[in-house]
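All values below were derived from every heavy atom in this structure, side-chain atoms included, with hydrogens, water molecules and symmetry-related copies excluded. These numbers were taken from a predicted model, which means no experiment stands behind them. In listed order, ligands and their atoms are each counted from 1.
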Amino acid sequence: MDDKKRVLSGIQPTGIFTIGNYFGAIKNWVSMQEKYSCNYMIADMHSITVKQDPNILKKNVLSSLALSLACGIDINKSNIFIQSHISEHAELCWVLSSFSQFGELSRMTQFKDKSENNKENINAALFTYPVLQTADILLYNADLVPVGADQKQHIELSRNIAIRFNGIYGDVFTIPEPFMNIGQAKIMSLSDPSKKMSKSDKNQNGFIGILEEKDSIIKKVKKSVTDSEGIVYFGAEKDGINNLIDIYSCIIGKTREDIKQEFEGKGYGDFKLKVGEVLADYLEPIRIKYNILIADIGYLEECYKKGGLNARDIASKTLKKVYDKIGFIDK
Ligand code: TYM
């Protein structure tokens, strides 16, 4: 093993990524490739905790892969793979379930939210979802897990499970840490800036997909909910404007203070137009690249097979070590 820090992260194939997924996680996935040993996965096993149409799921897995590549994941620098191709994820999940407590899983806010919105299908996997996520992370001995703020509680749970397991069996797992950027870790909904932006939002104006056309992006930013003060600065009770300032800052690399100065004496109309325009221009090359990649299924297959082969190599070694530690006899 080289001495680079190891990275693992995943995204559910449940639709086109939003700019929340992009600025909160994928942008870091891309930049981390230069420095670390990175493993990224399309979390298809996680996605079935909510009902999926099989044909749509197949399409979404491939489009999520193509989107990740279009955003800049390079198969010569990172392993990108499909979670269900590596059976070790399910196997380690089962082992770790015996080291995860009912009480701690009950406290997961995502479980509470998802079961609230899914009353007709509160299945067992929705509850044990964070244990599978822990298996994902621990299989690759990840030091760092690039995620948005909504995943922080899950990573803390993963740390606790790893520490508990190591406490019994010795130094088996690396203790992971979340990796997040201030101002990008939680991109808020454009229609209700007190809620995070989500691709499953029923209100189409709440989110911007990374493949959206310029007109649609500008229209959504213009329509976004803001306060009535009319002065552009990052402050209290200004969730909508704060969100747009953070999005703008992610793209042009200016600080919140610089942005306040740039728009001094100007109103929200000018600011929103500028944010919409720079965002659309920023996303355009991703859309062009995606359209080329999604038309080449052969190449996508090559990518996930290559990534899967490398991932299995790492995951199988970890699982073997775990099986040995807990007392399972070798095959
Ligand atoms: P998922 O598919 O919901 O989201 C993928 C990534 O995007 C981030 N994200 C956001 N960041 C900022 N602002 C937002 N509005 C926003 N919306 C989403 C998420 O935090 C996430 O990093 N359980 C995970 C997938 C997963 C995983 C893993 C992640 C499975 N196994 C192991 C890390 C490690 C999920 O549902 O992400």
Side-chain angles (χ1 to χ4, degrees), residues 6-30 32 38-50 52 60-61 63-64 67-68 71 73 80-84 86 89-90 92-93 96 108-111 113-114 125-126 128-159 161-162 176-201 206-210 239 242-243 246-247 250 311 315:
R6 288 170 302 269
V7 171
L8 178 287
S9 197
I11 186 159
Q12 293 196 63
T14 45
I16 295 301
F17 303 172
T18 68
I19 58 167
N21 296 126
Y22 180 79
F23 291 117
I26 312 282
K27 196 162 164 259
N28 281 334
W29 292 18
V30 173
M32 290 172 101
C38 298
N39 298 285
Y40 299 124
M41 53 167 222
I42 310 301
D44 54 349
M45 290 167 70
H46 279 93
S47 71
I48 60 163
T49 53
V50 174
Q52 301 289 334
N60 280 345
V61 169
S63 66
S64 299
L67 279 169
S68 307
C71 290
I73 298 302
I80 183 152
F81 61 95
I82 298 170
Q83 184 185 28
S84 62
I86 316 291
H89 289 252
L92 183 61
C93 174
L96 296 178
M108 295 294 113
T109 54
Q110 201 171 76
F111 169 69
D113 292 347
K114 284 201 173 174
L126 203 58
T128 56
Y129 178 113
V131 186
L132 179 59
Q133 184 160 345
T134 301
D136 301 336
I137 297 167
L138 301 188
L139 272 177
Y140 298 88
N141 289 303
D143 300 280
L144 299 170
V145 186
V147 282
D150 61 315
Q151 294 297 323
K152 197 164 167 249
Q153 196 189 26
H154 285 166
I155 314 300
E156 267 156 25
L157 177 81
S158 300
R159 287 172 61 84
I161 296 173
E177 267 178 55
F179 184 94
M180 287 182 276
N181 292 337
I182 298 167
Q184 307 181 22
K186 198 164 185 186
I187 302 294
M188 309 311 277
S189 157
L190 299 182
S191 53
D192 176 359
S194 67
K195 280 190 345 204
K196 79 159 187 174
M197 182 180 285
S198 163
K199 55 192 164 202
S200 54
D201 194 336
F207 63 88
I208 292 176
I210 63 172
D239 290 351
N242 292 349
N243 192 35
D246 280 342
I247 292 170
C250 295

request  = Report yes if some heavy atom in the side chain of Thr134 is under 4.5 Å from a heavy atom in the side chain of His154; otherwise report no.
outcome  = no
ask   = Which residue from His46, Lys114, Met188, His89 reaches closest to atom 30 (C) of ligand 1 through any of its heavy atoms?
value = His46
remark   = So for Asp136 against ligand 1, with non-hydrogen atoms under 4.0 Å, the contacting part is side chain
query = Val30 versus Ile73: any side-chain heavy-atom pair under 4.5 Å?
reply = yes
ask   = Counting heavy atoms only, which part of Thr18 comes closer than 4.0 Å to ligand 1: side chain, backbone, both or neither?
value = neither
inquiry  = Quick test of your reading of the structure: of Gly20, Ser200, Ala185, Ala25, whose heavy atom lies closest to atom 10 (C) of ligand 1?
reply    = Gly20
ask   = Is there a heavy atom of His154 sitting under 4.0 angstrom from any atom of ligand 1?
value = no
task = Distance to 0.1 Å, residue and atom name: give those for the protein heavy atom nearest to atom 26 (C) of ligand 1.
result = Gly10 O, 3.8 Å
query = Mind checking whether Tyr129 has a heavy atom under 4.0 Å from ligand 1?
reply = yes
message = Between Tyr22 and Cys71, does the side-chain contact (heavy atoms from CB on, under 4.5 Å) criterion hold? Intermediate values first, please.
response = CA-CA 8 Å; Tyr22 180 79; Cys71 290; 3.7 Å; yes
task = Given side-chain contact (heavy atoms from CB on, under 4.5 Å), test Thr18 with Ile210 step by step and report yes or no.
result = CA-CA 5 Å; Thr18 68; Ile210 63 172; over 6 Å; no
remark   = Going by the 4.0 angstrom heavy-atom rule, the piece of Ile187 near ligand 1 is both
key: Top protein contact for atom 7 (O) of ligand 1, by heavy-atom distance   = Asn21 ND2, 3.0 Å
Ser158, Gly148, Pro178: member with heavy atom nearest to atom 22 (O) of ligand 1 = Gly148
request  = Answer with yes or no whether the side chains of Ser194 and Asp239 bring together a donor and an acceptor at under 3.5 Å.
outcome  = no
note = Shortest non-hydrogen pair, Ile137 vs Pro176, comes out as CG2-CB, 3.6 Å
request  = Just go through Gln151, Lys152, Gln184, Gln133 and tell me whose heavy atom is the nearest to atom 32 (C) of ligand 1.
outcome  = Gln133
request  = Before giving the answer on side-chain contact (heavy atoms from CB on, under 4.5 Å), spell out for Tyr40 and Met32 the whole-Å C-alpha distance, their side-chain angles and the decisive distance to 0.1 Å.
outcome  = CA-CA 11 Å; Tyr40 299 124; Met32 290 172 101; 3.9 Å; yes
request  = Could you check atom 17 (N) of ligand 1 against the protein and tell me its nearest heavy-atom contact, residue, atom and distance included?
outcome  = Met197 O, 3.7 Å
